[in-house]
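Per chain, numbering begins at 1; letters A, B, ... match sequence-line order.
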Amino acid sequence: MNDTLSNILHIDLSRKRFWTEDRNELFNEMIGGSGVAINLLEQECPKGIDPLAPENPIILAVGPLTGLYPIASKTVAMFKSPLTGNLGESHCGGRSAVAIRFAGYGAIIIKGASETPVYLSIHGDKVRFRDASVIWNMANSYTVGRILREKESGSGIRSIMRIGRAGENQVSYASVVTETYRHFGRLGLGAVFGSKQLKALVISGKKNIPVSDMKGYRETYKEIFKLLSTAEMRKYHELGTSMNIIPLNKLGALPAKNLQTSKFENAEAISGETFEKNFLGRRVSCAHCPVACIHLAALREAYESEPYFYKTEMISYDYELIYALGSMLGITSPQALLKLMDEVEILGLDAMSTGVALAWATEAQQKEIITTKETNGLKLKWNDEESYSKAINYIAAQVNEFYKTLGKGVTYASSKYGGKEFALAFGGNEMPGYHTGPATHLGFLIGSRHSHLDGAGYSIDQKALAKNSKPSATEIIDKLIEEEAWRQILSSLVICFFARGIYKPELISKAFKPIGKEFTEEQLKTIGLRILKQKYRFKKREGFSLKNLEIPERIFQTETPSGKLSKEIFNEGLKIAELKLTSI
Amino acid sequence: MKRLSVVDVNLCVGCQCCMMACNRRFGEGGIAESAIQIKSIGGVERGFIVMVCRACKDPPCMKVCPTNALTKRPGGGVILNHSKCIGCKRCAETCIIDAISWDESVEKPVICVHCGYCTDYCEYDVIKMEEVK
């Protein structure tokens, strides 16, 4: 049997047709995941299109090691982002990657738009377009998952990707939810699904992957598996990413109240430790990953109308959600925070963009840039869980002009109402939870996804702090680009970034051998740079320039652990990045 | 003799590394030929089910096999003789815990041989090998 990785499934939602295409050369050259997806995006996405137009392709790609080795379990989605109007890339775990791989595909391209709500049912070679009218406009994304679980086969091995109301209403930062607790969160894939009237995608399969050297494969597998049970990985299983709340707050790097401050007085109450002690109900894993970093809190709630009646919700929490919906909004109660997280999950929004948007709106209302006329009667203020819960629903439902505007992100909202200086977005994408120093913000600015995960600037800042050193703009930019280029290899192999310390170049080369593929460390690094360069080529094609990037004034006003940021390092850094990124 | 035993299903995180291990031990990379299956109870938040042969002393699957392709394994469970099997699926239908998987590529059952290879790849001690008296 041949490896089916190079099979690409094309789906045309307008004509309800599908076909497969073999792109062996593309997978051989660009590996998979991000590398393959950026090539397909360049080919499939016409220049200058509206991200919500039928022509915008949704590309989902997995990698050669998916299903073969542990933790190569991410699916890379690429599309033109409705939030930034530029490169959209989002990674998701759950069962998504393994299911796509075992269904017999390396990538899926979805184009066109359906005239009526539809969901895709893909089980191996069988692809069906199914009427989704009944589940369209359903209030709760959990319910949609439950219904599809009953309706579809493949229990245990399938992935169910779906959107909520936010995606249906094309909120620019709507997410796609998979297996209830994992997401294509950032940059608005949910809105692209919604624009195509694509409610969900169910996929499963049982195709084996041929291995030329079984003995070598088993040995290498064993070695990798062992490395994944070391302390370096266990931290993600124990407290999980929320372990960072207390140390980052101590450092003075945890953005709070729209980054009016970088220390949150109630951090302890919403810390990983608090959640573990009082709420942690279960930890689960993505398919083919022994780490199990997904932390689910059990929240018991009484029904007000019905005595002795309770429900227990399981709610997924992580560092970024605690930051965006917690400290950024001044939320001091862990229960209140969990409810906001749940609301975001139910409606299918990106938690980070939603939190930052609400933080901006709160400050805008404080400063009387907007009034209750805009907010639909709400008086947004820090720690006011009830108002925030309503506002989240107003965004998803797009109830009035203001929420329609806010649903396009803070860059857009502030261009209309004012308050740019405290609109915390970089390249159009709302800020992640790190105010660690210059590298993190330079990373948000120059990263191809404007994400903390692109070049991990927060790590550069923290290492510098530990060594009491002040890296120059050149040093920071070099490190960011080097890291982002290498991460292109990880995301082409769709290895979770949590395992970046395990899957070093040497180990990756070794993992390839039993499947008859050879990549040297040098080759991998060259391909990584090439992918990054291609992403920038796409970004430029769509009008991106490092020269006209806006930097919110707020980041210069609020202390970082190394003091206030200097503008010079940003001016210099962006100039250097411009030179380097055009010359790589 | 030993048999594979499910110790505490509440410890299961649903990573499915046991499934991949079983497939790797006997076949290629994947899950199609795995004799152990993990699925959620209905949403991962509610936990998981481990579906695997529990080594019956008096195996119902064996009794319904029309070609005697299944014989008693010392220590419980059965041994499959592939050449005798006609792929009628009666064994799989008879097992009420759905512990017999089906290999669609050859239309034959996949039945746990209690080798214990999967237990080395369960990080959470959900499954272990147990001595049978």
Side-chain angles (χ1 to χ4, degrees), chain A residues 1 3 65-71 73 94-95 98 101-102 124 142 145-146 149-150 154-158 179-182 205-211 214 217-218 221-222 225 228-229 234 237 281-294 296 298 312-316 514-515, chain B residues 8-52 97-99 101-110 115 117-127:
Chain A
M1 201 187 69
D3 192 338
L65 305 186
T66 305
L68 276 179
Y69 291 103
I71 216 164
S73 294
R95 290 201 199 109
V98 169
R101 183 88 160 99
F102 291 159
Y142 292 86
R146 280 191 192 177
R149 276 205 293 273
E150 290 299 315
S155 168
I157 57 168
R158 67 193 165 194
E179 283 66 81
T180 316
Y181 301 108
R182 296 294 93 187
K206 280 181 110 176
K207 290 220 166 51
N208 271 346
I209 304 165
V211 173
M214 272 314 283
Y217 167 49
R218 283 195 282 262
Y221 190 105
K222 196 173 177 181
F225 196 84
L228 288 172
S229 59
R234 258 206 312 273
H237 177 63
R282 188 179 289 280
R283 284 173 297 177
V284 296
S285 199
C286 293
H288 211 179
C289 169
V291 177
C293 75
I294 307 168
L296 303 178
T312 302
E313 302 283 350
M314 298 295 274
I315 302 159
S316 161
I515 52 169
Chain B
D8 184 354
V9 79
N10 281 313
L11 292 169
C12 181
V13 297
C15 71
Q16 304 184 325
C17 289
C18 56
M19 290 166 64
M20 314 279 173
C22 183
N23 207 87
R24 191 165 66 249
R25 169 82 172 81
F26 293 100
E28 306 169 295
I31 48 168
E33 289 154 61
S34 171
I36 183 167
Q37 311 290 335
I38 304 292
K39 64 179 190 178
S40 77
I41 292 168
V44 294
E45 65 272 25
R46 298 173 62 199
F48 301 90
I49 314 172
V50 181
M51 293 152 77
V52 70
I97 59 165
D98 287 336
S101 312
W102 201 255
D103 182 352
E104 281 154 23
S105 61
V106 292
E107 288 294 333
K108 296 267 163 90
V110 184
C115 71
Y117 189 75
C118 56
T119 60
D120 291 341
Y121 295 92
C122 178
E123 277 288 270
Y124 302 99
D125 298 327
V126 178
I127 44 178

_Between CD on residue B:Gln37 and CD1 on residue A:Ile157, distance to nearest 0.5 Å_ = 8.0 Å

*asked:* Please find the pair of heavy atoms, one from B:Lys39 and one from A:Ser155, that lie closest to each other, and give the distance.
replied: CD-OG, 3.1 Å

*asked:* Quick check: closest heavy atoms across B:Glu28 and A:Pro210, and the distance to 0.1 Å?
replied: OE2-CA, 3.5 Å

*State, to 0.1 Å, how close B:Asp120 and A:Phe225 come at their nearest heavy-atom pair, and which atoms those are.*
O-CE2, 4.0 Å

*Check whether B:Ile31 gets within reach of chain A through its side chain, its backbone, both or neither, counting any heavy atom under 4.5 Å.*
both

*asked:* Please report the interatomic distance OG1(A:Thr180) to CZ(B:Arg46), rounded to the nearest 0.5 Å.
replied: 11.5 Å

*For the atom pair CE (A:Met214) and CZ (B:Phe26), what is the distance rounded to the nearest 0.5 Å?*
11.0 Å

*To the nearest 0.5 angstrom, please state how far the OG atom of B:Ser105 sits from the NZ atom of A:Lys206.*
9.5 Å

*Identify which of A:Arg283, A:Arg282, A:Lys222 forms the greatest number of heavy-atom pairs closer than 4.5 Å to chain B.*
A:Arg282

*Tell me, side chain or backbone of B:Met19 under 4.5 Å from chain A's heavy atoms, or both, or neither?*
side chain

*What closest approach, in Å, do A:Gly67 and B:Met20 show between heavy atoms, and which atom pair accounts for it?*
O-SD, 4.1 Å

_Tell me which of these, B:Ser34, B:Cys122, B:Cys12, B:Ala32, has more heavy-atom pairs under 4.5 Å with chain A than the rest._
B:Ala32

*Examine whether an atom of A:Tyr181 lies under 4.5 Å from a heavy atom of chain B, and if so say whether it belongs to the side chain, the backbone or both; otherwise answer neither.*
side chain

*Within the distance-only criterion (no hydrogens, no angle test), does the side chain of B:Tyr124 pair as donor or acceptor with the backbone N or O of A:Pro290 below 3.5 angstrom?*
yes

*If you round to the nearest 0.5 Å, how far is CD of B:Gln16 from CZ of A:Arg95?*
5.5 Å

_Nearest atoms (heavy-atom pairs only) where B:Cys15 meets A:Cys289_ = CB-O, 3.0 Å

_Proximal component of A:Val98, with respect to chain B [non-hydrogen, under 4.5 Å]_ = side chain

*asked:* I need the minimum non-hydrogen distance between A:Tyr221 and B:Cys17, along with the two atoms involved.
replied: OH-SG, 4.4 Å

*For A:Arg218 and B:Arg24, indicate whether the former's side chain and the latter's backbone hold a donor-acceptor pair under 3.5 Å.*
yes

*Answer yes if the ring centres of B:Tyr121 and A:His288 are under 6.0 angstrom apart, and no otherwise.*
no

